[in-house]
Amino acid sequence: GGVTVCATCIDNTIGNSSVGNVISGHASGIGVEVNGVDTYLLGNRIGTRADGTAALPNNVGVVLNADDTYIGGVGPGDGNLISGNANNGITINSNVNIICDNWIGTDVTGSTGIPNGGHGIALNGTAAGNQIGSPSPNRIAFNTLKGVNLNTTGIGNDIRRNPIHSNSGGMAIDLGGDGPTANDATDIDTGANNKQNFPTVASAQISGGNLNVVVSLDSSAGVNTDYLMVDVYRADASVTPQAAEHLGNSVCIDTLGTGILTNQLVTVPQGLLTVGGKIVVTASAYSDSSCNNFSEGTSELSPGFIVSGDVHWINSSGGAWENGANWDTGFIPSPSDNAIIDAAGTYTVSLSTGQIVQSLIVGNGVAGVQTLSINLGPLTINAGSIVNSTGFLAAAGSIQGTGTLTNNGTVDWSLGTLSIPTVTNNTANFTLSGANPKTLNGTTLTNSATGNMSWSNGALNFMNGGGINNAGGFLIAVDHI
């Protein structure tokens with residue numbers, strides 16, 4: 001083998017932040033085996049060549065058989081490169097160890113794989129209370145099996161803030177070493193980290209450079225789960241999504257003794273996440289209000305959840321709403337997205353099929369004329385929507401939903417039904433035209449003091465309390481309602 005720390009050897013340091021060791025090439029042995037407490041591994045390359053660009057394998061990189069070992073640290077150069085080993089990068093058979101600021105399965109740049117042939121980190125036996133990723137995260141990537149595999153009955157293993165991605169075994173964190181574990185009703189199950197339930201995501205929306213995530217979690221039957229921390233990650237492209245980027249975490253959430261989160265809002269920076277991408281989240285349980293004392297530990301990752309947000313039109317020649325290539329995400333807006341038609345120029349966006357969005361903005365308010373032509377539809381909007389000064393909404397179809405619409409530009413309504421709570425006109429450019437009938441179904445059409453409307457043709461029907469509230473100018477050039 002390479003380096004062995006004996007059971008009676010206490011408070012040893014292997015390597016340092018300036019000049020670490022190259023502990024490699026022990027093909028049938030262990031790179032570093034720790035049997036004595038209070039051992040520090042700093043700045044070493046374990047399983048690679050000295051330049052950190054290719055494998056020079058040990059059988060196993062590091063094996064911890066004693067408590068209170070520190071692999072890596074928080075200072076410059078403290079982290080170890082543990083890659084290229086034939087089996088696990090790190091095997092933990094002990095308790096209360098700290099693993100932080102290491103690259104496990106990557107090359108020296110962190111961007112290319114030199115995979116360990118097993119798991120990145122494997123916890124076995126009764127390993128408990130281990131801290132992986134705090135106070136400084138590891139990068140655990142490209143390993144042949146899983147990122148962190150917990151084949152242990154121990155609890156309180158805290159696995160937070162680490163990018164754990166592109167591991168060929170298909171999972172970033174596996175509680176029990178048996179594949180994905182579904183949540184149970186109240187988190188009463190036992191095993192690795194007591195099979196801590198993961199949060200379920202109700203919504204995830206990008207807004208103003210941040211990501212707003214709403215999650216729920218029931219750990220009411222867990223052990224000391226009064227305080228919870230939620231971590232949010234940008235997901236990678238794995239079939240079972242892994243954690244490519246740590247976006248941030250919640251505060252230490254006091255569940256008031258319930259172990260339950262209900263529609264909890266967690267706001268984190270957007271990072272490299274874009275609309276249409278996916279996130280995954282974890283929960284970690286603690287017994288104190290500072291979230292320092294681990295109880296059950298960290299969950300597996302949640303299933304991937306698609307992120308919504310602002311989706312912008314990008315084709316200044318116009319085209320079909322239904323063509324994803326016309327939008328900046330490459331996909332048409334989803335029901336939880338805000339559709340924004342604001343590309344420069346004069347053009348028409350044609351909507352011919354039923355579409356649902358959270359909200360709608362037509363027009364950039366700067367130059368040109370940006371037109372949305374609704375042909376049949378219906379278009380469903382569920383939040384406040386607006387036609388800006390350069391926007392033109394040509395409605396030859398129906399608009400419905402729980403949202404509202406404000407016109408500060410131009411609207412021509414020639415056919416169809418409005419079934420939204422309110423439509424407000426603030427300009428001189430709102431016309432009811434064409435011979436076809438139009439219906440206000442529960443909609444109050446308000447013409448403000450600055451507005452002027454004209455009704456030139458076609459029947460106007462009122463249903464379910466629909467009506468007109470006029471405080472401005474309203475030219476009626478027809479003789480029937």
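- For the residue pair Ser373 and Thr371, no side-chain donor N or O sits within less than 3.5 Å of a side-chain acceptor on the partner.
- Residues passing the ring-ring contact (aromatic ring centres under 6.0 Å, His included) test with Tyr227, sequence neighbours excluded: none.
- A salt bridge (charged side-chain N to carboxylate O under 4.0 Å, His left out) check over residues 47-75, counting only residues at least two apart or in different chains, returns the pairs Arg49-Asp51.
- Screening Thr404, Ile361, Leu405, Val362 against Ile386 for a side chain to side chain contact (heavy atoms under 4.5 Å, CB included) leaves a single residue, Ile361.
- Side-chain N or O atoms of Asn130 include none that pairs as donor or acceptor with a backbone N or O of Asn157 at under 3.5 Å.
- For the disulfide bond (SG atoms under 2.5 Å apart) condition, the pairs that include at least one residue of residues 248-283, sequence neighbours left out, are Cys252-Cys291.
- Of the N and O atoms on the side chains of Asp187 and Ser219, at least one donor lies less than 3.5 Å from an acceptor on the other residue.
- Ring pair His165/Tyr233: centre-to-centre distance not below 6.0 Å.
- Side-chain contact of Ser308 with Gln358: a donor-acceptor pair under 3.5 Å is absent, judged by distance alone.
- Partners of Trp321 according to the ring-ring contact (aromatic ring centres under 6.0 Å, His included) rule, which considers only residues two or more places apart in sequence or in another chain, are Trp327.
- Within a 6.0 Å sphere centred on CD1 of Ile306, heavy atoms belonging to other residues, nucleotides or ligands number 12 at most.
- Between the side chains of Asn338 and Ser359, at least one donor N or O sits under 3.5 Å from an acceptor N or O.
- Partner Asn93 forms a side chain to side chain contact (heavy atoms under 4.5 Å, CB included) with one of Thr152, Asn124, Val34 and no other, that one being Asn124.
- For Asp78, the side chain to side chain contact (heavy atoms under 4.5 Å, CB included) partners are Ser17, Leu42, not counting sequence neighbours.
- With Thr346 contributing its side chain and Val369 its backbone, the two residues share a donor-acceptor pair below 3.5 Å.
- Among residues two or more places apart in sequence or in another chain, the ring-ring contact (aromatic ring centres under 6.0 Å, His included) test is passed with Phe305 by none.
- In summary, the side chains of Asp231 and His246 do present a donor paired with an acceptor at a separation below 3.5 Å, with no hydrogens or angles considered.
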